[in-house]
Student: 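Handing you a structure now.
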Number of protein chains: 4
Amino acid sequence: MKTVGVIGAGKADEELIRLAEEVGRLLAKNGIIVITGGLRGVMEAACRGAYFEGGITVGILPTLSKEDANPYVKIPIPTGMGEMRNALIVRASDSLVAIGGEYGTLSEIAFALKTGKRVVGLKTWDIKGIIQVNSPEEAVRILLKDS
Amino acid sequence: MKTVGVIGAGKADEELIRLAEEVGRLLAKNGIIVITGGLRGVMEAACRGAYFEGGITVGILPTLSKEDANPYVKIPIPTGMGEMRNALIVRASDSLVAIGGEYGTLSEIAFALKTGKRVVGLKTWDIKGIIQVNSPEEAVRILLKDS
Amino acid sequence: MKTVGVIGAGKADEELIRLAEEVGRLLAKNGIIVITGGLRGVMEAACRGAYFEGGITVGILPTLSKEDANPYVKIPIPTGMGEMRNALIVRASDSLVAIGGEYGTLSEIAFALKTGKRVVGLKTWDIKGIIQVNSPEEAVRILLKDS
Amino acid sequence: MKTVGVIGAGKADEELIRLAEEVGRLLAKNGIIVITGGLRGVMEAACRGAYFEGGITVGILPTLSKEDANPYVKIPIPTGMGEMRNALIVRASDSLVAIGGEYGTLSEIAFALKTGKRVVGLKTWDIKGIIQVNSPEEAVRILLKDS
């Protein structure tokens, strides 16, 4: 089964939330497992979108406690590794979509590009290698293309 | 949702395989997510038992490749951390059952007991702190008890 | 004792090598432990500069083998974690200097800025938060300032 | 340069402390880098013995803070990985000596034996594969033997 990581900040404005939720919904609709960091903001929105579409959502948490996962994470993976778990999110994902985001998201983008994974961007960092798109539909269409 | 880690060697004899498969089945029947290292032997048997009962199975893999997971892992988490991922298996599990096993299993038992998690044992290491049991039914009954 | 991480690509041109070696030398001269990823390019140059100044050099390696360290690493720490070890380099460093670098370096910059560590840049990524400087002397002067 | 990990509990009685200090001293005297978990008890005693013999001592810490290292750690490596850092201690060590110890030490013994590293034991767990010895001198003599 294909996995896509949805990465972005734990605090996000309404527009990013809306984009993330729609990305999550479309991924689930296409039978893709949604991997996130399990917390709030973009992570929660992507999980929520996938959750109500009946999809599988994984939250790879920085802490040791499953209780820290947002309510739409079906499979919580508490790591106790702090931000180091960002590398695990990338490793668990076949490809990734970055939505907004700050330094944590940047570390995930860098890890993903370093290891040759496809990274699609929606209103995120401007880093060479990211495929910048304008809508959730376009993001998911590119993520679904065979690599 | 409650998670139980099923730990044991990647090479196991027929009896251990039978025990692991029955443990997996009973866990899934009780709505518990089965966490394993995702490889063969005891790990595969536990996943198979849970899989055919309709349960959720997570494989926290030592390698970077999802392809290394046994066919009954629904959620593969490739870590690229080698044996260090044993600590992640423990962290992702509310409690654990050890079935047979060699040094890798011993490291998981030690991590689990160190962090105060319940460890039930079936024909495994004789280490103080493990609750030794005689059957899959007894193992799951103890794992389901409130801590 | 203060530690500074010197980060940059494993393949670097002559100018970056010269800069990294001088940074390493100046850090060692000031009694600072030099932390690197232990491999070639900028990492090796920084270690060499520090080594011949009599300094302590630590190489936090992606592989399991000490043999992969460059010859100027006095303390090799093989991690077997691949690129995930980048987070360990940041955690072991009080502050960092980025010299050139590709995506691996970008992941370290992101981790460092995420956790509030000072990052000085020499001909490296243009990311908000990095203190861009023009010479090894300026880099080390800023790294030595009390935070 | 050869590295030896000295592992054991953070709380240890006088006899274990005396043994660990002597092991640390003998290792340093033989030019060996002493790797520990960087905290108190057996770890601190081994570092102290090596420190006053002029040796190099590395502390691979569970926390994010160098301040948590005992005063005889020359090279602190804060990991922020909690007990998971036990695997890093093993990976950084060519061979290991276990002195006393509880579950944390057991996890290190298991990791070491799993990866084929020599483990010498002084009043520690009784696990097949450990070379049990009766004195620091005997421990170090065996650790120094070519593998």
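FYI, side chains are in, hydrogens and waters are out, and symmetry mates aren't considered; it's all heavy atoms of this structure. Letters go in sequence order (proteins before strands), and every chain restarts at 1. What you see is a predicted model, and the numbers here were worked out from it, not measured in a lab.
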Student: Calculate, to the nearest 0.5 Å, the distance between atoms NZ and CH2 belonging to K128(D) and W125(B) respectively.
Tutor: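 So the gap between those two atoms works out to 4.5 Å.
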
Student: Which heavy atom of S107(B) sits nearest to which heavy atom of A110(D), and what is that distance?
Tutor: N-CB, 3.4 Å

Student: Going by residue number, which parts of residues 14-28 of chain B are within reach of chain D, meaning a heavy-atom gap below 4.5 Å?
Tutor: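 Residues in range: none.
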
Student: Give, as side chain, backbone, both or neither, the part of E102(B) having an atom under 4.5 angstrom from any heavy atom of chain D.
Tutor: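 Looking at E102(B), just its side chain touches chain D.
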
Student: Return yes when atom NZ of K123(D) has more than 12 non-hydrogen atoms of other residues, nucleotides or ligands closer than 6.0 Å, and no otherwise.
Tutor: no

Student: Between M84(D) and A87(B), what is the shortest heavy-atom contact and its length?
Tutor: CG-CB, 3.5 Å

Student: I'd like to know which of N86(D), T115(D), I127(D), I109(D) tops the heavy-atom pair count under 4.5 Å against chain B.
Tutor: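 The residue among N86(D), T115(D), I127(D), I109(D) with the greatest pair count is I127(D).
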
Student: Are there more than 12 heavy atoms of other residues, nucleotides or ligands under 6.0 Å from atom OH of Y51(D)?
Tutor: no

Student: If you measure from CD on E83(D) to CZ on R91(B), what distance do you get to the nearest 0.5 Å?
Tutor: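 Result: 8.0 Å between the selected atoms.
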
